[in-house]
Structures are given as structure tokens and as C-alpha cells.
S.K.: 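Below is a structure I'd like to ask you about.
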Amino acid sequence: MDERIHGSIHCDFSIIYRHGRIMHDKAIKQFGLTGQQMGYMRMIHNTPGMSQEELVRKMKIDKGAVAKSIRDMVDKGYVTRTQNKEDKRAYCLYLTERAESICLEADRQSSEFEKQLTEGMTAEEIELFGILLGKLIANLEKIMAGGDK
């Protein structure tokens, strides 16, 4: 029998979050990036040329916080900004070669971590877990948007 006493779903997610955060922060510390900045890098990596406003919308983060982080990432040589040809007030964001290599390494480490986390699970269990997480996220987004209170 499993000796670990399960708490509420919230407690279980809290444990996963805290330990994952510790591992994540340890992995990116060498690059002088925050966890949030790594998230921005991944988003820009997946959507090169996106505007800062798009990043704010997709990440659902405060505009000022994003601007400050992007400025810091430009200063550190991870992001470049080029003026948008259609809208001179907007800038397109791109990762530098250095940042691209960091993203690729972070993806490799994430895949390895995911393999370790799902060790002992069948492919069906992993798929079901993904489906259930998707439902939890959809419910959370409704709650955050003010629906289903």
C-alpha cells in the first residue's frame, strides 16, 4: 500500500508545482533568466516575430511586467526587437541564436523530466492524465474569466 497520505488535489498539485519549480529554476539559473522569462522565450520560439502585445495576451500577464522582462532579455542578448512594418508603434520579437540554443536544451531537459515523472505509467494512463489536466485547465480558465463562480 502507498504510504504517502494523499491530501486534496490542490495539495498534490502544490507539491508537484513546488518541486518542479525548484528543478526548473536550478536549470535556468546559469543563464540569468527567471522562470517567467523562460516562458516568454518559449512563446517567442514557437511564434517568432510576435509582438509584445501578443505575448501579453497569450501569456495573460501584466503589460508592464512583460515590457520590463523583455527589456532585460534584450539587454542580456536573448531577444531582439524589430519595428513592425505594418504598425510602426509595435515591435516584433525574435530570439537570438544564443536563446534558441537555450530553448532547445530546455526542451530536451523537459522531455527527460516528463519521462521521469511518468515512469511506471502506461501510454493510456499518460494520455488520460493529459485529458484530465486539459479539463482542469479549461475549468480554471473559466473561473479566472469570472464564469462558473
S.K.: If you round to the nearest 0.5 Å, how far is SG of Cys103 from CZ of Arg98?
M.R.: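 Those atoms lie 12.5 Å apart.
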S.K.: Could you measure the distance from the CD1 atom of Ile131 to the NZ atom of Lys135? Nearest 0.5 Å is fine.
M.R.: 7.5 Å
S.K.: More than 12 foreign heavy atoms under 6.0 Å from CD of Glu105: is that the case here?
M.R.: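 More than 12 heavy atoms, drawn from other residues, nucleotides or ligands, come within 6.0 Å of this atom.
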S.K.: State the CD-OG distance between Gln116 and Ser111, to the nearest 0.5 angstrom.
M.R.: 11.0 Å
S.K.: Checking one residue: Ile126. Which other hydrophobic residues are in its cluster under the side-chain 4.5 Å linking rule?
M.R.: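 Met121, which link up through side-chain heavy atoms under 4.5 Å apart, make up the rest of the cluster.
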S.K.: Same cluster or not: Ile16 versus Leu133, using hydrophobic residues (I, L, V, M, F, W, Y) connected whenever any side-chain heavy atoms lie under 4.5 Å apart?
M.R.: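 No; Leu133 is not reachable from Ile16 via cluster members.
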S.K.: Answer yes or no: is there a side-chain heavy-atom contact under 4.5 Å between Glu112 and Lys115?
M.R.: yes
S.K.: Counting heavy atoms not belonging to Glu97, are there more than 12 under 6.0 Å from its CD?
M.R.: no
S.K.: As an exercise, state the distance from CG of Asp107 to CZ of Arg42, rounded to the nearest 0.5 Å.
M.R.: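 Between atom CG of Asp107 and atom CZ of Arg42 there are 5.0 Å.
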S.K.: Counting only heavy atoms not in Glu114, do more than 12 fall under 6.0 Å of its CD?
M.R.: no
S.K.: How close do Cys92 and Gly49 get, counting heavy atoms only, and between which atoms?
M.R.: CB-O, 3.4 Å
S.K.: Quick one: CG on Leu132 to CG on Leu128, what's the gap to the nearest 0.5 Å?
M.R.: 4.5 Å
S.K.: Could you identify which residues cluster with Phe113, counting Ile, Leu, Val, Met, Phe, Trp and Tyr as linked when any side-chain heavy atoms lie under 4.5 Å apart, either directly or through a chain of such contacts?
M.R.: Met23, Leu117
S.K.: Give a yes or no answer on whether the side chain of Asp72 reaches the backbone of Lys68 with a donor-acceptor pair at less than 3.5 Å.
M.R.: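 Judged by distance alone, no pair lies under 3.5 Å.
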S.K.: What's in the same ILVMFWY side-chain cluster as Val74, cut-off under 4.5 Å, chained through other members?
M.R.: Ile28, Phe31, Leu33, Met38, Tyr40, Met41, Met43, Ile44, Met50, Leu55, Val56, Met59, Ile61, Val66, Ile70, Met73, Tyr78, Val79, Leu93, Leu95, Ile102
S.K.: Is Asp25 salt-bridged to Lys29, going by a charged N under 4.0 Å from an acidic O?
M.R.: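 A salt bridge is absent here (no side-chain N lies under 4.0 Å from a carboxylate O).
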S.K.: Quick one: pull up NZ in Lys58 and NZ in Lys60 and give me the separation to the nearest 0.5 Å.
M.R.: 10.5 Å
S.K.: For Glu119, does the CD atom have more than 12 heavy-atom neighbours from other residues, nucleotides or ligands under 6.0 Å away?
M.R.: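 Result for CD/Glu119: open.
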